[in-house]
Protein chains: 2
Amino acid sequence: MWQCQGVTRPAAPAGAVRQGSLRELNLAVVLGRIAAAPRPPSRADVAAVTGLTRATVSAVVDDLVAGRLVGESEPAPRTGAGRPARGLVLAGNGPAGLGLEINVDYLAACVVDLAGEVRHHTVRRADLRPVSPADALARLAELAAVARVDAERQGLTLAGAALAVPGLVDAAGLVRLAPNLGWRDVPVPELLSGHPPLVDPVPGIPPLVVENEANLAALGELHADPDGPVSFLHVSGEVGIGAGIVLDGALFRGVRGWSGEIGHIPVQPEGRPCRCGGRGCLERYAGQEAVLAAAGLDRTNLPADTAAARLADLASADHPAARAALAEAGQALGIAVAGVVNLLDLDTVVLGGGYALLTPWLRPPVLAEVSRRVLTAGWSPVTVRPSALGPEAAVVGAAGSVVRRIVADPVGWLNRTG
Amino acid sequence: MWQCQGVTRPAAPAGAVRQGSLRELNLAVVLGRIAAAPRPPSRADVAAVTGLTRATVSAVVDDLVAGRLVGESEPAPRTGAGRPARGLVLAGNGPAGLGLEINVDYLAACVVDLAGEVRHHTVRRADLRPVSPADALARLAELAAVARVDAERQGLTLAGAALAVPGLVDAAGLVRLAPNLGWRDVPVPELLSGHPPLVDPVPGIPPLVVENEANLAALGELHADPDGPVSFLHVSGEVGIGAGIVLDGALFRGVRGWSGEIGHIPVQPEGRPCRCGGRGCLERYAGQEAVLAAAGLDRTNLPADTAAARLADLASADHPAARAALAEAGQALGIAVAGVVNLLDLDTVVLGGGYALLTPWLRPPVLAEVSRRVLTAGWSPVTVRPSALGPEAAVVGAAGSVVRRIVADPVGWLNRTG
DNA sequence: GCCAAATAATTCAACCACTGAACAAATAGC
DNA sequence: GCTATTTGTTCAGTGGTTGAATTATTTGGC
């Protein structure tokens, strides 16, 4: 009688449900089930799970197969008596997503197919700070062209691209600020428009999304582990510190897409001045520069992407300054994370980017601060674990965001004219 | 060509769309449109906005009118030539929500109809700290019974109830901890089960939801201003400090419903010890107790609910200690809010509860810290404004959460057997 | 005062996609 | 080889939307 449940998000009555929407919605439902299933399901399995009849599922699957979104796995999984089922899998010769990344000392491109498999991956190391944005994007376009050729050779069609950038991006793809690259107000889509198109346009799928790398890394982590938590904080420790917030299986971007600036959460209100204008920001205690300085390392002759590995080596060898530096960084990180957990009630924190390698030394102080400062820590333990993808999370997440979009709404792909 | 847009939440393929779902979904769509319209729309208006045909809208509206969810406003709005439209309004004689609140020094009950109008409101002042949870809930049940009679006298049917509690509530309605009430592990639904039922059961609508007051207050604020922001932080300053986070028009509750514990965000990592076990929590700098002490007021002979008014009076009269106390509280609040805004990229902060009255003195220091510490403050101003509902936000929000649920999913009400 | 234009709401045959049951296909076990 | 069992397809039936035609009710011009 006194059944209780939380105040849930209202079932969004976004748009009206027209006649044809029925099929459109069920295409997404069936495709989503096939994508989420641990092993290739039969039509009958899908029908049982969704509540649709087998007749309907068959009809929907026919459409999906005709549109190269779903294939049948020939060696059907055997169960027992009865006619053997034909397993349904996401097509490996249909649409794919192009992931791109520009970072301080490398460019990267990768291709991910519908099933989430990485089918192509290139990283080109280069210090991009002295390079103009236009030149950097020109080099990126070359990588993209190579990726596209490789994808087509494998029977894939690039349906969209996402570019990870270490900075703040607005809704139009303008990079407002990427401090570590030295970029300010760089109109990425415009600068790329002179180059050959990256992808084949598909209705409903934006050809290029420019997004903060920490956000895309969080998405990558989300999709890397289908059985993982659906709500978590992903903290990327690079030169700066960014965070991606995943809530209920979706990236939370904030009002303007600028969420996750955890690096500027105050951890010592009147502490060290920060280039953001504030004082005592987390970045000044747990950012790469601060940790290297505390460990007594000279960052000028240490490539940014090897700093974490170097620190991990030293810490493994019981180097006292490195250990102390990581303990201090972990404590600062823990103070910020405690605030986040108090605010958002998350139960999982993923340490990504450079932090992934350093998890053994960062986790204890982070957990100590969390258990001390989080009101609900007694009832609900917080898990702190390293990223599964590490530094590749952003590119892979970028490519994955494209295919996820197609899985969530396959109608555009199915209706494409090409 | 290079159209850009953010990585959006995937269209949730929650459940399969069966044949009948079509009508169910459209009932919600049409009802939602009628609810959201600034003035009573005609059937034709709804058809134009939703994209459904007028024939369909008429059929759907017939169902809604038959189910007492929608009525026709007799004095139809005149437009020009043509047959006059009949305005559609949410019914004032259909379902309503019962809002309840238990706080430190009062009990409250209110009834809100589908349109969001408050049709009944009672507050009973009493210090509930010395009262046992069972007795407190017994008194609350009396208030509820009175509210129910009044609602029925007005032709309303109570379809569900929500109870606001100043504490942490789990999914089963168990109040794990309500420090200022002195409650710990109070099974509210069980204690209320001996009393006459609060509401008439409706399928799909939980008869009683127990929820944190700050969360419900944020919902109240959301519905109080239909043209207001859909994402904001609502900070309730009472004895403790709680926050409700509204994202895209929905309350964000966290993994276990324990989000919003902004009072325990560290603002001085090694500062004043807090009863939560941590140090330097916001509550120790901007909570009622801290502010009163800083202002030189004795909180023991000052009822909790008049403390804010007293402070506002003193501050208005240029009382130096009160001014200084509020400046210090505002600064601490600003540090915490800056962290939240950096993390979530919100552009609106609503000061509620006791803070509403104190906004003139809290806003400047809060804004100062925000503009100093938020990375994106230069491009995106943050608005800090007082709550529109003030201390009534939680009860009204509680009752409103019930009717919102019905509007979002009217099928349960329409299919009820009663 | 009457008629045309305009807008609102309803009616109705057509159609689309799902439903449910029957049926064909394919295998395991006896 | 026969039965039980499960998968997948076929097909008439049905619910709900569609679009056009029709009715209803007002304004405005002559």
Side-chain angles (χ1 to χ4, degrees), chain A residues 13 15-30 33-34 37 39-66 70-88 411 414-415, chain B residues 13 15-30 33-34 37 39-66 70-88 411 414-415:
Chain A
V17 186
R18 315 271 313 252
Q19 175 110 187
S21 318
L22 233 165
R23 173 51 69 87
E24 292 182 7
L25 289 167
N26 280 332
L27 283 167
V29 168
V30 169
R33 277 296 161 188
I34 294 171
R39 89 191 78 248
S42 66
R43 290 164 175 76
D45 291 336
V46 174
V49 171
T50 59
L52 296 168
T53 61
R54 286 175 306 182
T56 303
V57 172
S58 278
V60 170
V61 167
D62 285 348
D63 285 0
L64 292 172
V65 170
V70 164
E72 298 194 333
S73 62
E74 270 320 327
R78 206 54 45 92
T79 53
R83 171 176 169 175
R86 274 179 288 170
L88 300 172
V411 178
L414 293 175
N415 290 345
Chain B
V17 185
R18 317 271 312 253
Q19 173 110 188
S21 318
L22 233 167
R23 174 50 69 88
E24 292 183 8
L25 289 168
N26 280 332
L27 283 167
V29 168
V30 170
R33 276 296 160 187
I34 293 171
R39 86 191 82 250
S42 67
R43 290 163 175 77
D45 291 337
V46 174
V49 171
T50 59
L52 296 167
T53 61
R54 284 173 305 184
T56 303
V57 172
S58 278
V60 169
V61 167
D62 285 348
D63 285 0
L64 293 172
V65 170
V70 164
E72 297 193 334
S73 62
E74 271 319 327
R78 205 52 47 90
T79 53
R83 171 175 169 175
R86 274 179 287 170
L88 300 172
V411 179
L414 294 174
N415 290 347

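We name chains A, B, ... by the order of the sequence lines, and we start the count at 1 in each one.
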Tell me whether the OP1 or OP2 atom of D/dG16 has a side-chain N or O from B/Asn26 closer than 4.0 Å.
no
Mind calculating the distance between CG (A/Asp45) and P (D/dT5) to the nearest angstrom?
18 Å
In whole Å, what is the span from the CG atom of B/Asp62 to the C1' atom of C/dA8?
14 Å
Between B/Arg18 and A/Gln19, the residue closer to the 5' end of DNA chain C by nearest nucleotide is A/Gln19
Check whether any side-chain N or O of A/Arg43 sits under 4.0 Å from OP1 or OP2 of D/dT9, and answer yes or no.
yes
Work out which heavy atom in A/Thr50 is nearest to a heavy atom in A/Arg33; give both atom names and the distance.
CG2-CG, 3.6 Å
Can you find a donor-acceptor pair, distance only, under 3.5 Å between A/Arg83 side chain and C/dA26 base?
no
Worked verdict on B/Leu25 versus B/Val17 for side chain to side chain contact (heavy atoms under 4.5 Å, CB included):
CA-CA 9 Å; B/Leu25 289 168; B/Val17 185; 4.3 Å; yes
Could you tell me how far apart A/Arg86 (CZ) and D/dT7 (P) are, to the nearest whole angstrom?
13 Å
As a test of reading the structure: which of C/dA26, D/dT7, D/dT26 is closest to the side chain of A/Pro84, going by heavy atoms?
C/dA26
Starting at the 5' end of DNA chain D, which residue's closest nucleotide do you reach first, A/Gly82 or A/Gly20?
A/Gly82
For a side chain to side chain contact (heavy atoms under 4.5 Å, CB included) check, start with the C-alpha distance between A/Leu52 and A/Val30, then their side-chain angles and the critical distance, and finish with the verdict.
CA-CA 9 Å; A/Leu52 296 168; A/Val30 169; 4.1 Å; yes
Check against side chain to side chain contact (heavy atoms under 4.5 Å, CB included), A/Ser42 and A/Asp45:
CA-CA 5 Å; A/Ser42 66; A/Asp45 291 336; 3.2 Å; yes
Does A/Thr56 place a side-chain N or O at less than 4.0 Å from the phosphate oxygens OP1/OP2 of C/dT19?
yes
Which is true for A/Ala55 with a 4.0 Å heavy-atom rule: it touches a base, it touches only sugar-phosphate, or it touches nothing?
base
Distance, rounded to the nearest Å, where A/Glu72 contributes CD and D/dT7 contributes C1':
12 Å
I need the CZ-P distance between B/Arg23 and C/dC18, as an integer number of Å.
18 Å
Reading DNA chain D from 5' onward, which residue's closest nucleotide shows up sooner: B/Thr53 or A/Ala59?
A/Ala59
Verdict with supporting geometry, B/Leu64 and B/Leu414, side chain to side chain contact (heavy atoms under 4.5 Å, CB included)
CA-CA 8 Å; B/Leu64 293 172; B/Leu414 294 174; 4.3 Å; yes
Taking only N and O in the side chain of B/Ser58, is any of them less than 4.0 Å away from OP1 or OP2 of C/dT10?
yes
So what does A/Arg54 touch, heavy atoms closer than 4.0 Å: a base, only the sugar-phosphate, or nothing?
base
To the nearest Å, give me how far apart CD (B/Glu24) and P (D/dG15) are.
15 Å
Starting from P on C/dT19, measure out to CG on A/Leu22 and report it in whole angstrom.
9 Å
When the distance from CG of B/Leu25 to P of C/dA17 is rounded to whole Å, what number comes out?
17 Å
